[in-house]
Amino acid sequence: MFRALFRRNCILNKGADSTMHAYRSHTCNDLRKENVGDTVKLSGWVHRKRDHGGVLFIDLRDNYGFTQLVLDTDSKAFDTAEALRSESVITIDGRVKARSDETVNKDLPTGDIEVFVDAIEIQSAAQELPLPVFGETEYPEDIRLKYRFLDLRRDRLHKNILLRSNVIASLRRRMIDQGFTEFQTPILTASSPEGARDFLVPARQHPGKFYALPQAPQQFKQLIMVSGFDRYFQIAPCFRDEDARADRSPGEFYQLDMEMSFVTQEDVFNAIEPVIAGVFREFSDKKIDGGAFPRIPFAESMMKYGNDKPDLRNPLIIQDVTEHFRGSGFGIFASMIENGAVVRAIPAPGAGAKSRKFFDGTNDWAKKEGFAGLGYIKITDGEAGGPIAKNLGEERTQAIIDQLGLGDNDGVFFACDKEAGAAKLAGVARTKVGEDLGLIPDDEFKFCWIVDYPMFEYDEDNKKIDFSHNPFSMPQGGMEALENEDPLSILAYQYDIVCNGIELSSGAIRNHRPDIMIKAFGIAGYSEEVVEEEFGGMLNAFKYGAPPHGGIAPGVDRIVMLLANEPNIREVILFPMNQRAEDLMMQAPSEVSPKQLRELHIRTVEPPKKDGE
RNA sequence: GCGGGUGUAGCUCAGUUGGUUAGAGUAUCGGCCUGUCACGCCGAGGGUCGCGGGUUCGAGCCCCGUCACUCGCGCCA
């Protein structure tokens, strides 16, 4: 496909005679048997050189592929070629020759031919490389980031970035085909009190005031709906000043942001599911279930998987076994239950055949992760063993085994804590046990929707009710629910797409009613004045005729990461920052001149020294 | 902010119980080589063992601190 595109340009640019172009008549992936005898001009990088004294081979590389160049002492360019260093950029004139049967390279599309070089022009000589382009070796990330342009020449990263481009093109096409329209929204906007930390930009014309980079075009896309555009999408840059993770780049990332008017949750699902499933089918060979993504209510996900981003490739299901421990001889759990704790069981099929070290090791791992620890029962040839089984007694142990359907050589781990803590520990233990027992297949994508998120949650730190996710979501039951129900039991029309344990996107049916919005914010402790002040732009818009609307925003980087089978999001971003949000190649962030600061009415204050000194 | 891992030649790594002059591959430079596609052969240069301190007759190795990178926690409407 690329070649076809490139050729079209080439023909436009170079006219009838193919040797007229200044740099190339063909790319490094073009020449075949049929070209034998042709006079050609090629340009590219010296990928690899093999010098046999009287004969010299050069693998010439460009974006499209490789062509083997050959020179012998008959060539006037021989001495120049011999002195070339890897990664130098050259243009050559030569003649296409057939390779003999023994010397054909079946691994190369151009492997039937080679080009005998008559003349070489060095376009750009390369210094000794800090990072070799040839080969698959791993290199320290700071060097890779500093010399990103070299790293990007390497096969794997180069392919990832091209994949990313193709994925984005496919997403755009799929959205446009469904009647969505792409719009751009501002990059310099207002700071919003909710959500992550903002990146701020000082406003020169307004001393003491700041723009913020958008954490997402959330309010703008809702305003686009209010403006009557019906179906919006954008490959939208989003900026959040939060610390990095393997699947979270610091600073900035991209979403396939979309919003629709006059829709229910079902309509959003029906619009986005084929886009996501389609793009995964288009760009991956991994197995993908047909049909609709399963829908899992938030509460069920927390119970069965211990989090709201379950990896459904993992067959293990967590169960509540609190009642079997209540008032039992296993005193630690029994007394914790009296104080409001619950017990969650994580089955470990086949683990009973493993040594005690497996169970103790998993317990040690949990402690290292900062949890109280994991209890366990180990069943060997039908005999339940371990400290818990001993203290719990035969009857209760058997009841647990029956409930979980455990076999003669299985195991089970127990997480005991207050509900949220137990769910969390059980969730990470489920993943750990699944991985250790080799239960997670690597050759499939398992999608699901997480639905029915709670609208509010109790904020332990501030001892108040707060929004649990997006404050702009419509509460299920609307105004009536807000007025009559326990806020903590109210659900929202809020949903996530999860794939293989990675949160791919979240979305919601929005609250387009000013009265319901003010009521919802009131429950979370924000006065009408505060809402007017902070969200006035959007709230005001809702007073002049706002359509019911909703949308979602799948994360583009994470989609590409899954499709490229990369464990790290930086492998699918052209120029990522490191974990400390520095661009080691461009040297950002950087100091600025006093003049720039003066213009912005900014004075910097050094943080206090650690040691006093 | 906190916890784990890593840090030895440009790069990838080895380095035994603390013991003589810290090694290999690759890259670089020089020499040889007419069919390779990780070409091969011979040779050379290349080291603040991340940094600082300590223990010891003696530290790449042990201890303390610190820095860098990374993974996780916190954070992420």
Side-chain angles (χ1 to χ4, degrees), chain A residues 47-60 66-75 78 82-83 85-87 97 99-108 110-111 114 126-147 150 191-198 214-216 218-219 238-251 253 365 367-371 424 428 453 455-457 461 466-473 492 494 503 506-508 510 521 524 526 534-535 553 555 567-568 570 578-580 582 584 610-611:
Chain A
H47 187 65
R48 196 86 175 143
K49 215 175 71 184
R50 290 174 296 281
D51 187 349
H52 292 240
V55 63
L56 170 63
F57 301 98
I58 293 172
D59 294 333
L60 192 68
F66 299 91
T67 299
Q68 174 163 286
L69 309 180
V70 60
L71 299 91
D72 62 24
T73 42
D74 293 342
S75 171
F78 189 82
E82 221 174 8
R85 201 176 273 160
S86 286
E87 295 309 307
K97 292 188 162 180
R99 297 205 203 181
S100 67
D101 288 346
E102 319 85 79
T103 60
V104 162
N105 185 344
K106 290 190 174 60
D107 298 330
L108 280 184
T110 61
E114 60 193 0
Q127 292 183 12
E128 188 178 346
L129 301 170
L131 172 79
V133 172
F134 174 82
E136 296 282 316
T137 325
E138 302 269 359
Y139 294 92
E141 191 138 19
D142 42 350
I143 291 172
R144 293 181 56 199
L145 291 174
K146 183 172 176 189
Y147 299 98
L150 287 178
S191 179
S192 149
E194 292 293 318
R197 198 178 292 117
D198 283 319
Q215 296 188 20
Q218 179 64 40
Q219 294 190 57
C238 304
F239 306 90
R240 296 176 192 177
D241 186 4
E242 294 298 332
D243 289 343
R245 291 286 184 277
D247 64 353
R248 200 168 79 200
S249 65
F253 61 97
W365 162 84
K367 286 178 175 167
K368 226 176 89 181
E369 292 287 305
F371 295 99
K424 190 174 175 187
V428 292
Y453 276 83
M455 185 78 197
F456 301 100
E457 65 187 12
D461 291 341
D466 205 348
F467 292 107
S468 65
H469 286 83
N470 186 331
F472 306 122
S473 301
Q494 164 108 31
E503 184 192 318
S506 69
R510 320 298 172 185
F521 272 91
Y526 300 90
E534 301 289 0
F535 305 106
N568 191 300
R570 291 184 297 276
N578 68 6
Q579 197 168 49
R580 292 179 53 193
E582 297 165 315
L584 297 176
K610 257 188 201 165
D611 271 314

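Just so it is clear, the model here is predicted, and its values are computed rather than measured. In what follows, every chain begins at residue 1, and chains take the letters A, B, ... in the order their sequences are listed.
In this structure, Thr110(A) contributes its side chain and Phe66(A) its backbone to a donor-acceptor pair below 3.5 Å. A donor-acceptor pair under 3.5 Å links the side-chain atoms of Lys49(A) to the main chain of Glu82(A), judged by distance alone. A side-chain donor-acceptor contact under 3.5 Å links Arg197(A) to the backbone of Asp241(A). Side-chain N or O atoms of Ser75(A) include none that pairs as donor or acceptor with a backbone N or O of Asp72(A) at under 3.5 Å.
Sorted by first and then second residue, the salt bridge (charged side-chain N to carboxylate O under 4.0 Å, His left out) pairs involving residues 132-141 of chain A (not counting sequence neighbours) are Glu141(A)-Arg570(A).
With sequence neighbours excluded, the residues that form a side-chain contact (heavy atoms from CB on, under 4.5 Å) with Thr73(A) are Phe78(A). With sequence neighbours excluded, the residues forming a side-chain contact (heavy atoms from CB on, under 4.5 Å) with Gln215(A) are Ala196(A), Asp198(A), Arg240(A), listed by chain and number. Scanning for side-chain contact (heavy atoms from CB on, under 4.5 Å) contacts around Val70(A) gives Val55(A), Phe57(A), Glu114(A), Phe116(A), with sequence neighbours left out. Residues satisfying the salt bridge (charged side-chain N to carboxylate O under 4.0 Å, His left out) test with Arg99(A), not counting sequence neighbours, are none. In this structure Phe521(A) satisfies the ring-ring contact (aromatic ring centres under 6.0 Å, His included) test together with Phe467(A), Tyr526(A), Phe535(A), sequence neighbours excluded. Partners of Asn105(A) under the side-chain hydrogen bond (donor to acceptor under 3.5 Å, both in side chains) rule, at least two apart in sequence or in another chain, do not exist in this structure. Not counting sequence neighbours, the partners of Pro132(A) by the side-chain contact (heavy atoms from CB on, under 4.5 Å) test are Tyr139(A).
Distance CG (Leu584(A)) to P (rC69(B)): 7 Å, rounded to an integer number of Å. Atom NZ of Lys49(A) and atom C1' of rU28(B) are 11 Å apart (whole Å). When the C1' atom of rA68(B) is taken as reference, atom NZ of Lys146(A) falls 13 Å away, rounded to whole Å. Atom CD of Gln218(A) is separated from atom P of rC76(B) by 16 Å (rounded to the nearest Å). Atom-to-atom, CG of Leu60(A) to C1' of rU36(B) comes out at 16 Å; the value is rounded to the nearest Å. One interatomic measurement links the two molecules: CG of Asn470(A) to C1' of rC76(B), which rounds to 14 Å at whole-angstrom precision.
For Asn105(A) and rC37(B), a side-chain-to-base donor-acceptor distance below 3.5 Å is present, hydrogens and geometry of angles not being considered.
For the pair Asp59(A) and Arg50(A), the salt-bridge criterion is met [side-chain N within less than 4.0 Å of a carboxylate O].
Rounded to whole Å, the separation between the P atoms of rU16(B) and rU6(B) comes to 15 Å. On the P atoms, rU20(B) is 27 Å away from rU26(B), given to the nearest whole Å. Nucleotides rA27(B) and rU21(B) are separated by 31 Å at their P atoms, to the nearest Å. Taking atom P in both rG74(B) and rU12(B), one finds a spacing of 32 Å when rounded to whole Å. To the nearest whole angstrom, the two P atoms, one in rA68(B) and one in rU56(B), are 32 Å apart. Spacing of P atoms, rA59(B) relative to rG50(B), comes out at 15 Å, to the nearest Å. Nucleotides rG43(B) and rC37(B) have their P atoms positioned 23 Å apart, rounded to a whole Å. Separating the C1' atom of rG60(B) from that of rU17(B) is a span of 15 Å, rounded to the nearest Å.
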Carefully, step by step, assess Gln218(A) and Arg510(A) under the rule side-chain contact (heavy atoms from CB on, under 4.5 Å). CA-CA 10 Å; Gln218(A) 179 64 40; Arg510(A) 320 298 172 185; 3.3 Å; yes

Every protein N/O lying under 3.5 Å from an N/O of nucleotides 71-74 of chain B:
unit_1: rC71(B); atom_1: OP1; unit_2: Asn568(A); atom_2: ND2; d: 2.6
unit_1: rC71(B); atom_1: OP1; unit_2: Arg570(A); atom_2: NH2; d: 2.9
unit_1: rC71(B); atom_1: OP2; unit_2: Gln579(A); atom_2: NE2; d: 3.1
unit_1: rG72(B); atom_1: OP2; unit_2: Ala246(A); atom_2: N; d: 2.8
unit_1: rC73(B); atom_1: OP2; unit_2: Arg245(A); atom_2: NE; d: 2.8
unit_1: rG74(B); atom_1: OP1; unit_2: Lys424(A); atom_2: NZ; d: 2.9
unit_1: rG74(B); atom_1: N7; unit_2: Arg245(A); atom_2: NH2; d: 2.6
unit_1: rG74(B); atom_1: O6; unit_2: Arg245(A); atom_2: NH1; d: 3.0
unit_1: rG74(B); atom_1: O6; unit_2: Arg245(A); atom_2: NH2; d: 3.1
unit_1: rG74(B); atom_1: N1; unit_2: Asp243(A); atom_2: OD2; d: 2.7
unit_1: rG74(B); atom_1: N2; unit_2: Asp243(A); atom_2: OD2; d: 3.4

Which protein N or O atoms sit under 3.5 Å from an N or O of nucleotides 4-14 of chain B?
unit_1: rU12(B); atom_1: OP1; unit_2: Pro140(A); atom_2: N; d: 3.4

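Contact annotation for Asn578(A): backbone-only contact, meaning every heavy-atom pair under 4.0 Å involves sugar-phosphate atoms and none involves a base. The residue Phe472(A) sits apart from the nucleic acid: no heavy atom pair falls under 4.0 Å.
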When every nucleotide of nucleotides 30-35 of chain B is labelled 5' to 3' by its protein contacts under 4.0 Å (heavy atoms), B for base, S for sugar-phosphate only, - for none, what sequence of letters results? ---BBB

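Geometrically, Arg48(A) engages Phe134(A) in a cation-pi contact, judged by NZ or CZ lying under 6.0 Å from the ring centre and within 45° of the ring axis.
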Taking Watson-Crick (N1-N3 plus N6-O4 or O6-N4) and G-U wobble (N1-O2, O6-N3), each under 3.5 Å, can you produce the dot-bracket string of RNA chain B? Use [ ] for crossing pairs and | for inter-strand ones. (((((((..((((.....[...)))).(((((.......))))).....(((((..]....))))))))))))....

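Not one side-chain nitrogen or oxygen of Arg50(A) sits closer than 4.0 Å to the OP1 or OP2 atom of rU36(B).
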